[in-house]
Amino acid sequence: MILSKIRTAVVGLNMGLEHAHAYKLAERSELRWVVDLDEERAAKVAEELGCSYTTDWTSILDDVDAVSLCTPHHLHAPQALQAIAAGKHVLLEKPLANSEQDCMNVIRAAEAKNVTLMLAFVVRFLPAIRKLKEAVDSGQYGRPVSAQGWVEAYLNPVPGTWFASKEKLGGGVLFSHGCHYIDILLYLLGEPARVSHFGTRVGTEWMEGEGTSHGIIEFKSGALAHLVSSWGMKYKKTPAKFQLHMTEGMLELDNSMWKVLAVSKSGTETLYERPKEYPVRPGQNVLFEIEHFLESIATGRRPETDGHEILKSHRTIWAMYASLGVPVNL
Ligand SMILES: NC(=O)c1ccc[n+]([C@@H]2O[C@H](COP(=O)([O-])OP(=O)(O)OC[C@H]3O[C@@H](n4cnc5c(N)ncnc54)[C@H](O)[C@@H]3O)[C@@H](O)[C@H]2O)c1
């Protein structure tokens, strides 16, 4: 058990800004460095959070125990391998890597070096998701029948962005954003048996991969799930983030991902609502995963979202991408 503070750094300060705030909030961490190729951005964050900054992340490895890598997807494998080779614990933003081979290389390297490798699947660690899992596993609402999820966003096309490149992104919206919710579906409903998928670039022609995705999973239990993910939905009026129909009830996660409702013969019940001790502030949503990462380092325990766990949902997505559909002849 490590008792002293874990010296941390964050590389990439867009999503990484949340990590930096969370490291600042977390008791076990001493945030020492923030890093971005954009020096002005790094300097601004460093001043706000009271730490050092640089544009060269490789130069600070001697001064930290653990690093969050929050960079574009095609950099995940090479950067993770470099940090692991230096003996650092790594919290890697999703996805693990863009190919199965790269994922396995990173997993094996971390195991060989005996360092903690955790994937930043922020949604998994949200209290409402824990409540949802507890409700499903309790049996109180019967068995899962059908899950529906909606991940709706609208991204403005930025010319030349890495998001537009299928190779750099590792696919389209399903792999990049939907991956959180495929992970949650596996977490809640168990092992998948068969999948199918359709993706389209209509409305997101700036992307090489699909900007809108409809995926279906049949689970070994027989339950079905349907996930819609999109970066091309300008106007939205969504009932929820998830609805999970059970044999004896319906569980619903709202769009804020902080509220869970249960509908059953006893009426509608609020199972979870954002409590006051979790205020709306920078870093709060990722604080749960950051604390899990720091605890895994301190105790030497396997993080819940380690490489092997996350590879299951990546493999599910790759199987979805490989599914072809059947042409219709009228
Ligand atoms: N969990 C979530 O909800 C969530 C949301 C958004 C993004 N992400 C993930 O975060 C990661 C980054 O995505 P983003 O949207 O912040 O991307 P982005 O392109 O907006 O920002 C990436 C930042 O990293 C910096 N950067 C790139 N290469 C660097 C390097 N070698 N050294 C230092 N800095 C470097 C860039 O200058 C930029 O500021 C991706 O893995 C993405 O999937 C997660």
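Nothing fancy with the numbering, it's 1 onward along the sequence. Atoms within each ligand, like the ligands themselves, are counted from 1 in listed order.
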Any idea how His314 and Phe121 line up, ring-wise: parallel (<30°), tilted (30 to 60°), or perpendicular (>60°)?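 Aromatic pair His314/Phe121 classed tilted.
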Determine whether the aromatic ring centres of His214 and His226 lie less than 6.0 Å apart.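 Yes, the ring centres sit under 6.0 Å apart.
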May I ask you to check whether Tyr154 and Tyr235 place their ring centers less than 6.0 Å from one another?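 No, the ring centres sit 6.0 Å or more apart.
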Quick one: ligand 1 N/O to protein N/O pairs below 3.5 Å?
from	atom 1	to	atom 2	distance (Å)
ligand 1	1 (N)	His180	NE2	3.2
ligand 1	16 (O)	Met15	N	2.9
ligand 1	19 (O)	Trp162	NE1	2.7
ligand 1	20 (O)	Asn14	ND2	2.7
ligand 1	31 (N)	Gln79	NE2	3.2
ligand 1	34 (N)	Leu37	N	3.4
ligand 1	37 (O)	Asp36	OD1	2.6
ligand 1	39 (O)	Asp36	OD1	3.2
ligand 1	39 (O)	Asp36	OD2	2.6
ligand 1	39 (O)	Arg41	NH1	2.6
ligand 1	41 (O)	Thr71	O	3.4
ligand 1	41 (O)	His73	NE2	3.4
ligand 1	41 (O)	His76	NE2	3.1
ligand 1	41 (O)	Lys94	O	2.8
ligand 1	43 (O)	His73	NE2	2.7
ligand 1	43 (O)	Lys94	O	3.1
ligand 1	43 (O)	Lys94	NZ	2.7

Quick check: closest heavy atoms across Ala147 and Leu244, and the distance to 0.1 Å? CB-CD1, 3.7 Å
Per the salt bridge (Lys or Arg N to Asp or Glu O under 4.0 Å) rule, what does the pair list look like for residues 11-26, sequence neighbours excluded? none
Sort out for me which residue in Ile297, Leu294, Val67 forms a side-chain contact (heavy atoms from CB on, under 4.5 Å) with Thr8. Leu294
